[in-house]
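Single-structure report; data block below.
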Amino acid sequence: HLHSDLGSRFPLEAAQDLDIGSNTVQAYSISPENEYFSVAYRSRSEDDKYIELVLEKPLDREEQSEMSFSVIAVDGGSPPRTGTTEVKIVILDVNDNPPIFTQERYFGKVLENMPEGSVVLTVLARDQDAGVYGEISYQLSHALGQSDSAFVIDPITGEIKTTKPLDFEAAQSHELRVSATDGGGLSAICKVLVEVVDVNDNAPEVVVSSFSSPLPENTAPGTVVALFTVRDRDSGANGKISCGLEDQLFFSLRPAYKNYYELVTVSALDREETARYILRVTAADAGSPPLTSTQTFTVDISDVNDNAPVFNQTSYTMYVRENNVPTVFVGAVSAADADVGLNGKVSYSLAAVQAAEGPWCSCVSVNSENGHVFVLRPLDYERLRQTEVTVSASDAGSPPLRANVSVRLVVLDENDNAPLVLYPGQDSSPASSELVPVSAEAGYLITKVVAVDADSGQNSWLSYHLLRASEPGLFTVGVHSGEVRLRRPVTERDSVRQKLLVLVRDNGKPPLSATAAVSALLLKDLSDVRLPGHSSPAPEDQAGSLTTYLIIALVCVSLLFLVSTALFVARKVCKRKELKAGHVLYGADNLQSGLADGAAAGSLPRAYCYEISLTTGSGNSEFKFLKPILPSVPPQHCGNGFSRENLYFQCHNQFPSYSMSE
């Protein structure tokens, strides 16, 4: 291994030859010959001989790192003999070569959206030295004023990587310096220029300069609502912007200058149709893919008084019953105004000009706040059946707008009128009598009761009923017609003078009624009719006499009944006193014999049989209570014999729970 200067000697062991004298080793040579080494043969004594390799020319490891040759020893014999040894020379390196870059300047491009750790490029330096002198390490240095945090270099491979995403808008290029150093301290420097390539990573921006909201709904077309500008930080096609407005019939975009746009109205606005517009302006660049941004404008439309109130009906019909209480609620009118605020606040009133048709009534009032309609005083259906008023609805705008509607008030009938009998007349003058021949058959029409009712509807439906008559079975009255007819033929027992009372009733709830008195004369011949003032007694007098007779007969019957009752009570009291004075005991057989004697005496007819029976709930065992002897009444106290009543009183006084039945 050689690492020496020119002329350096490298000793080698000498060859050994067992011969002596001239036959021993005489000379050395190198084969093949080379220009770098020569061999020298020396001896320190007769027995101490050696050889040396002498460096004749400087060595260069980078040209030839090793060499081999043979050293030949030749003796002096005849023929001469040789001995050979192989010598291998290894040339050791010295740091005599600095690193050298493959390029003096490196250029690289990187997209700005590349992720962290992306390789930008690789630098390469070479060193001809070997070992540690040929090992190169790389270091990164930045140009003045630039940050060193965006890139990093691998010290072994020379790869330059990003440490964070790059931003074209912040720096479009980066200049770096890379140094390469070998193990011996020799170094070299190169420049690296990194260009950042723009990508479409910035959406357009919309910057609003002015905006007006709300807008009156009567705003003229062409009014500027908003002014704004658009911009994009990207370059080239990525920075070219176009603006658009979503489909709108009432607004549009108008370019102003450069990147400025105006948002303007293009047609008339109507708050009642649309009270708020949400406008979206979209800005898009020309990148691939394009990026967009949206700006929303919310435009409120303010109200003006351009709508009159509108009633929910073209006309109103309301109903009230007659005899109503004052200030009764009968209905309500309602009008709506499409405007808002004071422009939409509706108030109601009665219009000064009333409807032409129908009578006008001052009894109607309307509430100005809610449109409730009231009737101020009681109404009479028979006087006023309907009326019509005009109600006006007006808003509170300036100037106010109004609308009118017709309100018809219909009065409903109540059953407040009783039927009125027109015939026969019911005045104080003497009523005439209807003449009926005694030969008339059943169904004969005597007369017809005629009545009217001032009410209407079912309240005026009249029905006729026979309330009272001298002979109820003789007459019948048509329920719906009021015709008075004979129910049966006239007989001789029927009185000549007949009086009827007919009830006329309506169909109201509750029903009201009236009565009609009808007189009829039953005549054999219509020629028997005498005119008023004739000397013969009038039929009215004859009817009065008949009534008097009936009353007298009723009084006599009543007196007879009262006298009989008094005598019966007195006799009962008398018999009780006689029983207390003396008692005669009778057995059951005595009682039967007494009954037989009474029957023989003629006080009990043989056609009848009387028996003693028990009251309700009495059993046969209780009847055996008669077996004990009973008190008997002496014959002188009982008259000629036993009567049914005497026997009953006898048993009843002793056993009040018993009764006597036939």
Side-chain angles (χ1 to χ4, degrees), residues 271-272 303-420 452-462 505-513:
R271 189 208 65 82
E272 288 71 36
D303 186 49
V304 296
N305 192 25
D306 58 347
N307 290 278
V310 177
F311 285 93
N312 59 359
Q313 296 179 209
T314 56
S315 64
Y316 292 85
T317 301
M318 301 179 184
Y319 301 90
V320 61
R321 293 191 176 276
E322 66 173 328
N323 306 319
N324 57 283
V325 296
T327 67
V328 65
F329 171 76
V330 294
V333 296
S334 178
D337 196 314
D339 297 323
V340 295
L342 292 177
N343 298 331
K345 185 178 181 180
V346 180
S347 60
Y348 304 90
S349 62
L350 291 177
V353 179
Q354 299 297 328
E357 298 180 0
W360 179 77
C361 179
S362 61
C363 58
V364 179
S365 175
V366 62
N367 188 300
S368 62
E369 296 294 332
N370 52 31
H372 288 184
V373 179
F374 300 89
V375 176
L376 302 179
R377 59 179 175 81
L379 301 180
D380 188 358
Y381 172 82
E382 287 70 37
R383 293 186 178 183
L384 179 67
R385 298 199 171 187
Q386 71 176 21
T387 184
E388 191 169 327
V389 296
T390 300
V391 176
S392 176
S394 62
D395 57 29
S398 180
L401 302 178
R402 60 172 44 88
N404 294 335
V405 70
S406 175
V407 177
R408 174 174 295 180
L409 180 65
V410 178
V411 182
L412 300 179
D413 183 41
E414 287 283 340
N415 192 26
D416 58 345
N417 291 279
L420 176 63
V452 295
D453 196 313
D455 297 320
S456 65
Q458 66 177 6
N459 295 330
S460 63
W461 297 350
L462 301 180
R505 182 169 58 199
D506 59 26
N507 198 35
K509 293 183 179 180
L512 300 179
S513 61

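Just so it is clear, the model here is predicted, and its values are computed rather than measured. Heads up: numbering here begins at 1 and tracks the sequence.
Among all heavy-atom pairs drawn from E414 and D455, the shortest one is O-OD1, 3.1 Å. Nearest heavy-atom pair across P309 and A393 is CG-O, 3.6 Å. Nearest heavy atoms, K509 versus N459: N-OD1, 4.4 Å. Of all non-hydrogen atoms in Y381 and V411, the two that sit nearest each other are CD1-O, 3.2 Å. The shortest non-hydrogen separation linking N305 to S398 is ND2-N, 3.9 Å. For L462 against P419, the heavy-atom pair with the smallest separation is CD2-CG, 3.7 Å.
At a threshold of 4.5 Å between non-hydrogen side-chain atoms, the residues R408 and S315 do not count as touching. Taking 4.5 Å as the limit, every side-chain heavy atom of N323 sits out of range of all side-chain heavy atoms of P378. Side-chain contact between D339 and D306: present, with at least one pair of heavy atoms (C-beta onward) separated by less than 4.5 Å. Looking at V364 and V373, their side chains come closer than 4.5 Å, going by heavy atoms from C-beta outward. A heavy-atom distance below 4.5 Å is found between the side chains of V407 and M318. Here the side chains of E322 and E382 are in contact, with some heavy-atom distance below 4.5 Å. Using a 4.5 Å heavy-atom cutoff, the side chains of L379 and N324 are in contact. Inter-residue side-chain proximity for L350 and V391 is flagged as met; some heavy-atom pair is nearer than 4.5 Å.
Taking CG of L401 as the reference point, atom CG of D395 lies at 5.0 Å (rounded to 0.5 Å). One finds the CZ atom of F311 at 7.0 Å from the CG atom of N404 (value rounded to the nearest 0.5 Å). Residue N367 holds its CG atom at 10.5 Å from OG of S347, rounded to the nearest 0.5 Å. In this structure, CG in D453 is found 10.5 Å from CG in N507, a value given to the nearest 0.5 Å.
S349 pairs with exactly one of S392, S368, S394 by the side-chain contact (heavy atoms from CB on, under 4.5 Å) rule, that one being S392.
Using modelled atom types, no side-chain atom of N307 and backbone atom of A338 make a donor-acceptor pair closer than 3.5 Å. In this structure, the side chain of D413 engages the main chain of S456 through a donor-acceptor pair within 3.5 Å. With Y316 contributing its side chain and S334 its backbone, the two residues share a donor-acceptor pair below 3.5 Å. A distance-only check finds a donor-acceptor pair linking the side chain of D506 to the backbone of L512 [under 3.5 Å].
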